[in-house]
Amino acid sequence: MQNQLTLFNTLSRTKEKFEPVNPGLVGLYVCGPTVYSDVHLGNCRTFISFDLIYRYLLHLGFKVRYVRNITDAGHLEGDRDEGDDKFAKKAKLEQLEPMEIVQKYTLGFHDVMQAFNTLPPSIEPTATGHICEQIEMIKEIISKGYAYEINGTVYFDVEKYNKEFPYGQLTNRKLEDLLEGTRELSGQDEKRGRLDFALWIGAKPETLMRWPSPWGWGFPGWHIECSAMSSKYLGNTFDIHGGGMDLQATHHTNEIAQSQACNHKSPVKYWMHTNMLTVNGVRMSKTAGNGFLPGELFTGNHPLLEKGYSPMGVRFFMMQSHYRSTLDFSNEALQASEKGYARLMTAIKTLEKIKPSSNSGIFLNERIKACYDAMNDDFNSPVLIAELFEITREINSANDGKISFSESDIKGLKKLMHNFVFDVLGLKSESSNTSKDKALQGVMEIILEIRKEIKTKKDFASSDKLRDDLKKINITIKDTKDGATWSIEE
RNA sequence: GGUCCUGUGGCCGAGUGGCUAGGCUCAGCUCUGCAAAAGCUGCUACAGCGGUUCGAAUCCGCUCGGGACCUCCA
């Protein structure tokens, strides 16, 4: 199965067969969040998409080292390479130490990732924890002749680099075109080329976060951290590097340049980019102010939201579109997903109680193959989900006695559903298992027993009232042939 | 302006040159004391105009619309 996987490589702009640098092992690096404010949902989509990718690689039996960094220093506000970094700016605003900001939002980020049931990465390195590595890399780039220092700031020489390597390869752009889109150097600029970017930035007197370096006190440029940390933990050439599409043109382009300049090797075999989340057709972004925070989404506490949506419902919603497509957020779409998700989860429970028959009424192997085919085709989760709904219909039909499952059908279906719904898609049943829940379970069993007695006496007015009253507190009773069932609505 | 992506039925969202994903919604039916659930049936779409082809939503061209990146953002 491992050798069937294909994925879309941004470098070649085609789907390629996935062949890891070292057989059986996968190095995966994803650009993580800059922790100077709450993560918003757009960020989450990227991390949830890569969680799917990570999970599927694991499911296929690869040994994966998944590295996702935390950017906690050096990420400048503008393109002018001057002024404070984001943390210091926010710190002044909130009258906190920069590392307090980092801590606060790192914890918040982890909470949200956990709510979405994403697996933690193998390594989550921070930029501030790798200042030495970044300095070493910058020294190497200078010694190879691709960077220069001016007044304590080190710049990468893009035009020089471009003479030997294709700088714009990741976005298929020529240097001349890139130059056209850039503003003229102003008198204040000290860098030589318009496209040059900072590797190290000299500290100003007011700069809070600063480290000593061969070029004086300062802090690292944004792009260098990923290059330094990915090569440290995954080697100079590793398998998959991912991130949002918005990082492609600048951040990832510069990452390639830095690593190539340093090692004269392409750092990454497969570049993968996830698409943007939109709201009413416009990209959700921090600056556009049209994003909501995960917390607001869960509670429904936002003007754009009609109600709260559960983390798993949202995750399912995201899984119903392909990671390279834009996904538009709307209440209508979210509610449709929520219902579909509930139907899928119900089918998994239904499967538990289906009695085996002596003959088989399904083509299990074809179903299994279809699921793998979907995921092997560039992690096509929407097609996988479509297949899971076909299976859902079969499960319901079997439950209605319209088709039959053999014992091995049931066993196989359970395994299939478990593998793909829980392990690969990363969904989970949202019911918890606290003592209160167990008590409620017991209470409901008693109530249903009483109601059964009432119904035996044909006192439908009373049994209906009981059902209606429970409905008011979001407990739904369903009468089936095999007795009544209950569930809590979201 | 440059580099690209995209336009699918009421909504969301896959997709292959020919065999009309899937979810939600809506209507009808079956089941049911009723309701719900479930099942079945129906709603057969690919922005517009040309072209290539025996055949295109799928390839090419043009037009119109939407969006991204080129400046911080996943």
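Lettering of chains follows the sequences in order, A, B, ..., and the numbering in each one begins at 1.
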Quiz item: Considering only side-chain heavy atoms of A/F47, which listed nucleotide, B/G39, B/A74, B/G23, is closest?
Solution: B/A74
Quiz prompt | Side-chain donor or acceptor of A/N376 paired with backbone N/O of A/Y372 under 3.5 Å | solution = yes
Show each protein N/O and nucleotides 28-32 of chain B N/O combination with a separation under 3.5 Å, one pair to a line.
none

Self-check item: N/O donor-acceptor pair, side chain A/N380 with base B/G15, under 3.5 angstrom
Solution: no
Quiz item: Under 3.5 Å, is there an N or O donor on one side and an acceptor on the other linking the side chain of A/R467 and the base of B/C34?
Solution: yes
Quiz prompt | Residue A/D400, side-chain heavy atoms: nucleotide from B/A38, B/G13, B/A36 that is nearest | solution = B/A38
Quiz prompt | Length of the line joining A/L170:CG and B/C70:P, which is rounded to integer Å | solution = 13 Å
Quiz prompt | Verify stack between A/F460 ring and B/G33 base, 5.5 Å, 30 degrees | solution = yes
Quiz item: Counting side-chain heavy atoms from CB outward, which of B/G22, B/A37, B/C72 is closest to A/E390?
Solution: B/G22
Quiz item: Which whole number of Å gives the distance between the P atom of B/G23 and that of B/U41?
Solution: 12 Å
Quiz item: Among all residues two or more places apart in sequence or in another chain, which pass the side-chain hydrogen bond (donor to acceptor under 3.5 Å, both in side chains) test with A/H273?
Solution: A/T10, A/H252
Quiz prompt | Check: B/C34 base within 3.5 Å donor-acceptor of A/D479 side chain | solution = yes
Quiz item: Stems in RNA chain B: runs of 3 or more consecutive Watson-Crick or G-U pairs, distances under 3.5 Å?
Solution: B:1-7 with B:64-70, B:10-12 with B:22-24, B:26-30 with B:38-42, B:47-51 with B:59-63
Quiz prompt | Counterpart residues, side-chain hydrogen bond (donor to acceptor under 3.5 Å, both in side chains), relative to A/T456 (two or more places apart) | solution = none
Practice problem: Can you tell me, in whole Å, how much space there is between the P of B/C24 and that of B/G39? | Solution: 9 Å
Quiz prompt | Side chain of A/R393 (C-beta onward), nearest among B/G23, B/C40, B/A74 | solution = B/C40
Exercise. Determine the Euclidean distance between corresponding P atoms of B/U58 and B/U8; express it in Å to zero decimal places.
Key: 13 Å
Practice problem: Taking only the side-chain heavy atoms of A/P382 (C-beta and beyond), determine which of B/C24, B/G13, B/A74 contains the nearest atom. | Solution: B/G13
Practice problem: With sequence neighbours left out, write down each residue that passes side-chain hydrogen bond (donor to acceptor under 3.5 Å, both in side chains) with A/H418, or none if nothing qualifies. | Solution: none
Quiz item: Taking the side chain of A/R173 as its heavy atoms from C-beta onward, which of B/A74, B/G39, B/G2 lies nearest to it?
Solution: B/G2
Quiz prompt | salt bridge (Lys or Arg N to Asp or Glu O under 4.0 Å) against A/D72, all qualifying residues, sequence neighbours excluded | solution = none
